[in-house]
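Step one of this worksheet: look at the structure below.
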There are 2 protein chains.
Amino acid sequence: MAKEVKLTRNQQVVMAALTDAGQPLSAYQILDLEVVRDNGLKAPLTIYRALEKLMALGQVHRIESLNAFVACDHEPHAEPAAFMICQDCRCTIEFSTTSLSRSIARHAGQHGFQMAGMHLEVSGHCEACASAH
Amino acid sequence: MAKEVKLTRNQQVVMAALTDAGQPLSAYQILDLEVVRDNGLKAPLTIYRALEKLMALGQVHRIESLNAFVACDHEPHAEPAAFMICQDCRCTIEFSTTSLSRSIARHAGQHGFQMAGMHLEVSGHCEACASAH
DNA sequence: AATGAAAGTGTTATGATATAACGGTAAGTT
DNA sequence: AACTTACCGTTATATCATAACACTTTCATT
């Protein structure tokens with residue numbers, strides 16, 4: 001892991017829930033999990049606060065098109081995120097954008113736009129779902 | 001224009017509001033505009049229904065990260081959309097993804113993912129705002 | 001013109017997502 | 001200990017989006 005930051009109890013609980021899920025969950029879906037409620041988290045704000053911190057640490061990313069949150073599946077990072085989202089099983093695959101973001105930044109520059117960050121979401125069908133029709 | 005589809009009154013009102021605005025507006029911001037209310041549109045659902053149609057026609061696009069909608073500034077299209085969004089003045093610049101989406105589709109394919117569509121949002125500073133600091 | 005299908009509309013209610021405001025607590029500086 | 005900073009619990013509220021139902025308009029086809 002890049003940088004061991006001590007997470008608070010609430011943050012650990014939310015992080016564990018997302019890691020276990022292996023797919024994006026909305027804040028309210030997290031809130032409804034038994035393992036979360038049993039740990040005393042019972043208000044939306046409690047979840048959102050934990051998520052906010054986890055996103056700042058790059059351990060969780062937000063999927064805009066789903067209004068949901070997903071555990072980062074490799075090194076935590078704040079770098080531009082990109083996701084493939086299966087329309088069938090809802091699984092997500094995160095991929096790196098190092099090369100892509102450079103070319104997009106250049107493209108933006110041609111429009112006089114100074115790029116600060118980017119967010120890419122690709123929808124479609126994952127390998128398992130595509131082969132199963 | 002690609003295909004002249006006759007818009008209903010509600011759809012025309014919403015389309016005109018977005019075109020006039022020249023920046024993304026939320027459904028409720030549209031609803032609150034005088035020009036919209038004066039035309040008798042007074043319920044959220046009325047706005048959402050018009051937006052749904054306009055998006056299907058490719059004349060309006062949704063900006064996920066803002067929960068807002070923006071008028072398409074060139075040929076209406078259903079093609080993968082990409083936007084640069086100024087964090088200062090909130091203006092958006094839409095750009096084409098024909099070359100980009102091909103390379104992303106190829107990238108996805110390497111992960112066994114069959115791409116259906118994509119949505120790219122670049123945040124940063126537009127030329128005017130960047131030069132004004 | 002009659003008729004029937006499809007799309008659009010108005011209205012009310014509700015669901016889903018997210019944050020504001022306030023006061024209190026925990027943990028680490030110095 | 002005093003101070004700072006982050007975190008937390010609670011209540012209320014803001015914001016975004018859709019369900020359900022009955023009615024109307026539009027328009028191709030008979």
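Computed from heavy atoms alone, side chains included, the values below leave out hydrogens, waters and symmetry copies. Chain letters run A, B, ... following the sequence lines, proteins first, then strands; residues in each count from 1.
In this structure, A:E121 contributes its side chain and A:I85 its backbone to no donor-acceptor pair below 3.5 Å.
Taking the side chain of A:S26 as heavy atoms from C-beta on, and the options C:dT17, D:dC8, C:dG28, the nearest nucleotide is C:dT17. Comparing D:dA17, C:dG28, C:dA20 by their nearest atom to the side chain of A:L45 picks out C:dA20. Candidate nucleotides C:dT9, C:dA18, D:dA6 were compared by shortest atom distance to the side chain of A:R62, and C:dA18 ranks first. The side chain of B:Y28 approaches D:dA17 more closely than any other nucleotide in the set D:dC7, D:dA17, C:dT11.
The side chain of B:T8 places no N or O atom within less than 4.0 Å of a non-bridging phosphate oxygen (OP1 or OP2) of C:dA7. Between B:N10 and C:dT9 there is a side-chain N or O to OP1 or OP2 distance below 4.0 Å. Residue A:K6 has no polar side-chain atom (N or O) positioned under 4.0 Å from OP1 or OP2 of C:dA27. The phosphate of C:dT17 has neither OP1 nor OP2 within less than 4.0 Å of any side-chain N or O from B:N67. Here A:K53 reaches the OP1 or OP2 of D:dC7: one of its side-chain N or O atoms lies under 4.0 Å away.
The list of side-chain hydrogen bond (donor to acceptor under 3.5 Å, both in side chains) pairs with a residue in residues 18-28 of chain A, not counting sequence neighbours, is empty.
Straight-line distance from the CG atom of B:L25 to the P atom of D:dA17: 13 Å, rounded to whole Å. Atom pair A:L31:CG and D:dT10:P shows a separation of 12 Å (rounding to whole Å applied). B:L66 has its CG atom 16 Å from the C1' atom of C:dT17, to the nearest Å. If you measure from atom CD of A:Q11 to atom C1' of D:dC8, you get 11 Å, rounded to the nearest angstrom. Note: CG (B:L41) to P (C:dT11) measures 11 Å, nearest angstrom. Atom C1' of nucleotide D:dT25 and atom CD of B:Q12 are separated by 15 Å, given to the nearest angstrom. One atom, CD1 of B:I47, and another, C1' of C:dG8, lie 14 Å apart when rounded to the nearest Å. The distance between atom CG of A:L51 and atom C1' of D:dC7, rounded to the nearest whole Å, is 15 Å.
With ring centers used as reference points, B:F113 lies 6.0 Å or more from A:H125.
The aromatic rings of A:H119 and A:F83 sit tilted relative to each other, their planes meeting at an angle between 30° and 60°. Aromatic ring pairs are classed by plane angle as parallel below 30°, tilted from 30° to 60° and perpendicular above 60°; the pair B:Y48 and B:F69 is perpendicular.
Take the nearest nucleotide of DNA chain C for B:R49 and for A:Y48: the residue whose nucleotide is more 5' is B:R49.
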